[in-house]
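Below: the structure, in structure tokens.
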Amino acid sequence: MNADKGFRGIRTVESEPYQLPGAVTDILLQGGRFLNAVATDERHRKDVVAFVLRYFFATECGATASSAYTAVSARIPAERPSYASVTSILPAAAWAERESHDLFGLVPVGHPDLRPLVLHEHWPQGVYPLRKDYPLERRQTYVDASWTYPKVDGEGVFEVPVGPIHAGIIEPGHFRFQVMGDSVLHLEPKLFYTHRGLEKRVEGLDVSSGLPFAEQVCGVCSVSHAISYATAAESLSGVTIPIRASYLRVLVAELERLYNHVGDLGNICAGIGYAYGSTAGSALKEQLLRANAALTGHRYLKGSVALGGMAVDVTERQLLELERALSRIEPRVEDLVQAVVTDDVVQNRFRKTGVLSVQNALNLGVVGPAARASGLPLDVRRDQPYLAYDALQFEVPVQAEGDVFARYWQRLLEARQSFSLIRQVLNRLPEGPVKEPIEDYPKESYAVGVTESPRGENFHFLATDEAGRIARYHVRSATYANWPAVAKAVQGNIVPDFPLINKSFELCYACCDR
Amino acid sequence: MLGPLRKRWNLGHLTEADEHLERRLKAASCRLFGRSLHVRHVDSGSCNGCEFEAMALLNPLYDMQRFGLDFVASPRHADLLLVTGGVTRNLEQAVVRTFEATPLPKLLVAVGACALDGGMIGPTYANRGGVDKLFPVTVYVPGCPPSPMDILDGMVTAVERAEEWDSQKRT
């Protein structure tokens, strides 16, 4: 029997818990690209009575979004919640398996590194907050335990702890460097400090009230998360959004990419204390934020996307003002980057620093600008086209070097594409309504929503219960996929280059921690 | 001759409230902290939105340093803690230790809906839901995220209320 009745355009392959590695290998050999593994607690469902673990893959490049994904699904029996880990053949699945171990108590047998990930050492063992029988607000006492991490031994090897409270105005994370002199032998990041329990929070809510929570996943990729959630909800209900809304969504998504990329073109300079670059970049970013506010009423474009379309419409006058603002900003971005990259100090610090090889990028499942700067030609907008992207012309720039300079330059190449995409939308924005009402959502079903955020591919999983409310919501942000790559890229570099390398990836922590 | 005018046109400029803020801040911080006020930002589980807006205070359009305000790298150098986020379980110890490391008199400004009462997410197994569950808050700045000017205004209000708050603390 199929556990996934009513799933939306996702090919499902059933597997036994201990045959997962074989089933996953099959998909990988067919050219599948791993997205994420999602655990759900379906013990209360009479037709399932088990945990279900689904490994999602993007399988058909260039196909329509309805057949682009494959799920390998296994029922994990409640009385003995264990399965064969696939991490040894698919390193990108390492975190997902650790996470479902933390939150659901599913044991991946054969996982090479099954330390806690999401719940830190002070969380009591054997308590699994995302199981259905765990109440949302039940707090646990702090357990006195220590955190274990790999150590390097030897004469002259020192350990440098950094964080979670940092010197700058940034999000919290702990970094443990094993160093010899200035060289980093190993970097162990400890993340999930901002784990707020967002996924559990939305369980039991109506699908229609989940959208603002999707925007809360991350304050600075909120549009991308909102579109991912809305795509999943719309695919559940079978509603097609109006054509004007699909163009407007492209507009806000590209505006989001633009303020992030332009901000990064400045902020990466702060990694080497290059004040001209960071100051000029932050001024340009501020102007883009103000243009966002003039267009949608929110500097970070929150509240602009609605289920079934858009919550805001734009007037001709607003579009004219936006065009004027962008034509003022675009040449300044070019000027800024020209000034930065022709500086000897910048060349010296950016080139050959923090190299992420194409092999590592592939193994770890890296996405977004970081993947493209390392030679992986991935872009959801082109590979699994959504919204109006297949009607618009754009290129997916790819570079080979994979160093800080490549990731810096990548931001400029992509910002140019975004300027061009926005101009195309402004020139041929169709008339019509911007929202299609959604009556109701099917019961005991699920769907996924995948979009390309400024940081890469965002994957949302949305399942409904027997009343059509949210049974499980899971977000795998681009940041989640890319964090392990930062630790790899830092290895062999010097400690003072860490802020620079970190900024060149520009990963937000809240996206990853949820 | 047109240079400065054009620059102003391109960059935009702040409102008149700006000068008003400057006067208010001067009056209060001169009295209490001797001309300048040092701020330490603490993320207690925010979504990065409030961080971006706090960061924007340093860009040339807001340039908060001209008011004698600056962000510092250590809580030991700080007069004011700018807390964003609703205090997650994984950060609680770090936030408490940061608060304890800040010398008296210290002000605490809770920035953003999450810091006020946990925001949309509220209390969960992993989230406290509000900074005032742990520490007395001098000023709450609502918004998701509040704009840079709102944050600035919140800090100035905190400084104006510092005497009042500090005397409460002693009694």
Side-chain angles (χ1 to χ4, degrees), chain A residues 118-120 122-123 127 129 134-140 142 163-172 174 192-198 200-201 212-213 215-222 263 266-267 279-283 285-287 289-290 293 298-300 302 328 332 508-511 513, chain B residues 9-12 39-63 71-75 82 84-95 97-98 101 112-114 118-129 143-145 147-148:
Chain A
V118 180
L119 303 169
H120 286 177
H122 47 66
W123 183 269
V127 181
Y134 190 94
L136 170 68
E137 294 190 24
R138 180 183 290 166
R139 298 179 58 79
Q140 296 290 333
Y142 282 77
I165 308 287
H166 295 277
I169 309 169
I170 51 169
E171 300 185 83
H174 179 79
F192 295 91
Y193 280 96
T194 63
H195 178 67
R196 297 158 283 170
L198 189 140
K200 178 96 179 171
R201 176 69 181 80
F213 289 94
E215 292 184 332
Q216 295 287 322
V217 171
C218 175
V220 295
C221 334
S222 54
N267 199 35
T279 314
S282 66
K285 180 169 105 182
E286 176 70 22
Q287 291 172 59
L289 292 176
R290 289 182 183 190
H298 196 285
R299 284 161 60 87
Y300 296 90
K302 276 186 182 171
R328 205 165 61 221
R332 286 164 172 253
C508 28
Y509 300 64
C511 258
D513 306 351
Chain B
W9 169 254
N10 283 339
L11 286 177
V39 182
R40 170 67 238 175
H41 161 255
V42 186
D43 182 339
S44 78
S46 153
C47 73
N48 210 5
C50 295
E51 279 63 43
F52 263 48
E53 292 299 58
M55 196 69 174
L57 281 171
L58 294 172
N59 77 30
L61 283 85
Y62 297 100
D63 189 17
F71 286 108
V72 289
S74 164
L82 194 73
T84 58
V87 192
T88 60
R89 177 190 169 89
N90 288 347
L91 272 170
E92 196 169 319
Q93 288 164 338
V95 172
R97 283 165 72 179
T98 308
C114 299
M120 296 209 53
I121 294 163
T124 69
Y125 65 92
N127 202 30
R128 267 283 183 154
C144 186
S147 73

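Per chain, numbering begins at 1; letters A, B, ... match sequence-line order.
- The two atoms that bring A:A283 and B:N59 nearest to each other are N-CB, 4.5 Å, heavy atoms only.
- Between chain B and the options A:Q140, A:R138, A:K302, A:R299, the largest number of non-hydrogen pairs under 4.5 Å is found for A:R299.
- With contacts defined as side-chain heavy-atom distances shorter than 4.5 Å, the pair B:P123/A:R201 does not qualify.
- One distance of note links CD1 of B:I121 with NZ of A:K200; it measures 15.0 Å at 0.5 Å rounding.
- To the nearest 0.5 Å, atom CD of residue A:E171 and atom CG of residue B:L91 are 10.5 Å apart.
- Chain B forms more heavy-atom pairs under 4.5 Å with one residue of A:N267, A:L289, A:T279, A:L136 than with any other, namely A:L136.
- Only the side chain of B:P148 comes within contact range of chain A, with heavy atoms under 4.5 Å apart.
- Panel note: side chain A:R139, backbone B:R89; no donor-acceptor pair is recorded below 3.5 Å.
- Residues passing the side-chain contact (heavy atoms from CB on, under 4.5 Å) test with A:H166 are A:V162, A:I170, A:F175, sequence neighbours excluded.
- Using a distance-only test at 3.5 Å, with no hydrogens or angles considered, a donor-acceptor pair links the side chain of B:T124 to the main chain of A:R196.
- Looking at A:P164, only its side chain comes within 4.5 Å of chain B, counting heavy atoms on both sides.
- At a 4.5 Å heavy-atom cutoff, the contact between B:Y125 and chain A is made by backbone and side-chain atoms alike.
- Highest contact tally toward chain A, considering only B:A73, B:G49, B:G119, B:S74, is held by B:A73 [criterion: heavy-atom pairs under 4.5 Å].
- Heavy-atom pairs under 4.5 Å with chain B peak, among A:A167, A:A510, A:P129, at A:A167.
- Applying the side-chain contact (heavy atoms from CB on, under 4.5 Å) rule to A:I165 yields the partners B:R40, B:V42, B:A94, B:T98; only residues at least two apart in sequence or on another chain are considered.
- With contacts defined as side-chain heavy-atom distances shorter than 4.5 Å, the pair B:N90/A:D513 does not qualify.
- With contacts defined as side-chain heavy-atom distances shorter than 4.5 Å, the pair A:Q216/B:C144 qualifies.
- When atom types are taken as modelled, the side chain of B:T88 and the backbone of A:T194 share no donor-acceptor pair closer than 3.5 angstrom.
- Note: B:F52 and A:Y300 have perpendicular aromatic rings, judged against thresholds of 30 and 60 degrees for the angle between ring planes.
- One distance of note links CD of B:E92 with NE2 of A:H122; it measures 8.5 Å at 0.5 Å rounding.
- A donor and an acceptor atom, one from each side chain of B:Q93 and A:Y142, are nowhere located under 3.5 Å apart.
- Ranking B:G129, B:S147, B:S46 against chain A, the residue ahead of the rest is B:S46, based on heavy-atom pairs under 4.5 Å.
- Highest contact tally toward chain B, considering only A:C218, A:A280, A:C221, A:G219, is held by A:G219 [criterion: heavy-atom pairs under 4.5 Å].
- Using a 4.5 Å cut-off between heavy atoms, B:V87 does not touch chain A at all.
- For B:L58, the part sitting under 4.5 Å from any heavy atom of chain A is the side chain, from C-beta outward, and nothing else.
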